[in-house]
Amino acid sequence: MFEIFGIPSTALFGQLLIGLINGSFYALLSLGLAVIFGMLNIVNFSHGAQYMMGAFMAFLLLQYFNLNYFLALAIAPLIVGLTGIIIERNLISQLYRVSKLRIVVFLASVAALSIILSLSLDPIVSLVIATLASAVLVEIVFALRLTDGASEPTDHIYGLLLTFGLALITEGIFRHQYGSAGQPYGVPDLLKGGQNLGFMFLPNYRAWVIAVSVVVCFATWFVIERTKLGAYLRAATENPTLVRAFGINVPRMITLTYGFGVALSGLAGVLAAPIYNVSPQMGSDLIIVVFAVVVIGGMGSIMGAVVTGFALGIIEGLTKVFWPEASSTVIFVIMGIVLLIRPAGLFGRRA
């Protein structure tokens with residue numbers, strides 16, 4: 001063992017590893033936020049709750065269906081992404097329409113079915129089934145109408161308030177059912193143990209989390225910035241009327257994009273489940289930091305979210321070594337400095 005600036009190498013590299021782990025979650029979550037805001041101009045304050053839902057989906061799939069970690073890694077993000085699609089389709093998109101009938105019908109149906117199903121099923125399972133059934137019911141009912149109603153200009157602050165309310169409701173439901181202590185979720189057998197690198201011990205699961213995060217972040221950036229699908233998506237956000245003229249279903253593209261951004265948070269939740277306790281508070285503890293990461297990188301910047309997420313995780317880890325007292329505030333100090341020098345963020349475009 002050797003020392004660097006008077007710090008034992010094991011302590012320094014250990015904190016660097018923790019910083020990379022935190023950076024992986026910052027990058028994945030801020031990537032989802034950047035996709036949703038950059039493509040759809042929606043400030044999704046329920047992102048932390050959806051991250052928590054991803055972890056709980058993995059826990060529930062193991063508890064009720066005995067599905068292992070790797071199956072949960074594939075299924076849980078799809079379930080969480082589906083809830084995002086339902087939310088965008090029946091709540092968020094309806095904020096900008098003159099008629100709010102679809103919102104009323106959807107919420108009333110969810111409430112009624114949840115109460116009926118909870119008499120014989122687990123409350124969380126009842127809510128999931130009621131939400132899916134209500135989404136199908138609303139689609140059938142409103143398919144008989146020629147239109148959902150005309151759009152009207154609406155301040156985007158309503159979307160923020162709606163998602164903030166959804167976050168509080170979701171967290172409250174899970175806290176009521178499972179308490180605040182959290183539920184354990186074990187590391188899969190295939191990823192137990194670690195590698196002795198000489199200067200530090202690298203747990204296999206931590207290396208797996210970092211690798212998955214890097215691959216998913218790069219793949220998302222490549223699809224959005226370097227493919228025809230990404231070009232259509234970017235064009236749809238800037239000039240939806242022109243894109244619609246080419247025969248592209250813009251509302252469907254927007255809905256699926258929101259679902260994809262939400263699925264990224266669900267994926268991060270599954271990856272986090274074996275590291276942290278699966279707790280209703282795990283999303284609320286992280287979401288403010290993630291929003292700071294997005295602001296520093298540039299609101300809506302895909303590359304900014306990824307690079308800034310990993311970089312700030314490492315900086316936070318190093319701060320815990322050299323100045324532990326400042327580790328919980330260093331990201332917000334950096335955010336303040338960046339906003340003073342470059343208000344659009346490090347990778348953001350100036351208006």
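No hydrogens, no waters, no symmetry mates; every other heavy atom, side chains included, goes into these values.
Contact of the F218 side chain with the V306 side chain is not registered, since no non-hydrogen atoms from C-beta on lie closer than 4.5 Å. Using a 4.5 Å heavy-atom cutoff, the side chains of L17 and I210 are in contact. Between L233 and T257, some side-chain heavy-atom pair lies under the 4.5 Å cut-off. Side-chain contact between N90 and I103 is absent, with no heavy atoms from C-beta onward closer than 4.5 Å. Looking only at side-chain heavy atoms (C-beta outward), L312 and I296 come within less than 4.5 Å of each other. Inter-residue side-chain proximity for R234 and E225 is flagged as met; some heavy-atom pair is nearer than 4.5 Å. In this structure the side chain of I248 reaches within 4.5 angstrom of the side chain of Y232, judged on heavy atoms. For the pair M299/V294, a side-chain contact is recorded, criterion being any heavy-atom separation below 4.5 Å from C-beta on.
Between Y185 and Y69, the ring planes are tilted. Angles from 30° to 60° get that label. Ring orientation note: the planes of F45 and F291 are close to parallel, at an angle under 30° on the 30°/60° scale. Using a 30° and 60° split on the angle between ring planes, Y178 and F174 fall in the parallel class, below 30°.
The backbone N or O of K192 sits less than 3.5 Å from a side-chain atom of N204, completing a donor-acceptor pair. Between the side chain of S213 and the main chain of V209, no donor-acceptor pair closer than 3.5 Å is present. Side-chain N or O atoms of S118 include one that pairs as donor or acceptor with a backbone N or O of I115 at under 3.5 Å. Side-chain N or O atoms of T170 include none that pairs as donor or acceptor with a backbone N or O of A167 at under 3.5 Å. A donor-acceptor pair under 3.5 Å is formed between the side chain of Q94 and the backbone N or O of R89. Judged purely by atom type and a 3.5 angstrom limit, S93 uses its side chain to pair as donor or acceptor with the backbone of E88. Within the 3.5 Å criterion, the main-chain N or O of T131 finds no donor-acceptor partner in the side chain of S134.
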Which is it for D122 and Q177 under the side chain to side chain donor-acceptor pair (under 3.5 Å) test, yes or no, and what are the steps along the way? CA-CA 9 Å; D122 179 276; Q177 181 64 20; 3.2 Å; yes
Stepwise side chain to side chain donor-acceptor pair (under 3.5 Å) test for S46 and T163: CA-CA 5 Å; S46 61; T163 56; 5.0 Å; no
Given S279 and N277, is the side chain to side chain donor-acceptor pair (under 3.5 Å) satisfied, shown in steps? CA-CA 6 Å; S279 158; N277 273 344; over 6 Å; no
Take L132 and V136, measure what side-chain contact (heavy atoms from CB on, under 4.5 Å) needs, and give me the verdict at the end. CA-CA 6 Å; L132 294 174; V136 173; 5.8 Å; no
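Salt bridge status for E139 with R102: present, with a side-chain N to carboxylate O gap under 4.0 Å.
Only one option out of V80, L29, L264, L28 pairs with Y51 in a side chain to side chain contact (heavy atoms under 4.5 Å, CB included); it is L29.
When all heavy atoms are compared, the tightest approach of P188 to F70 is CB-CE1, 4.0 Å.
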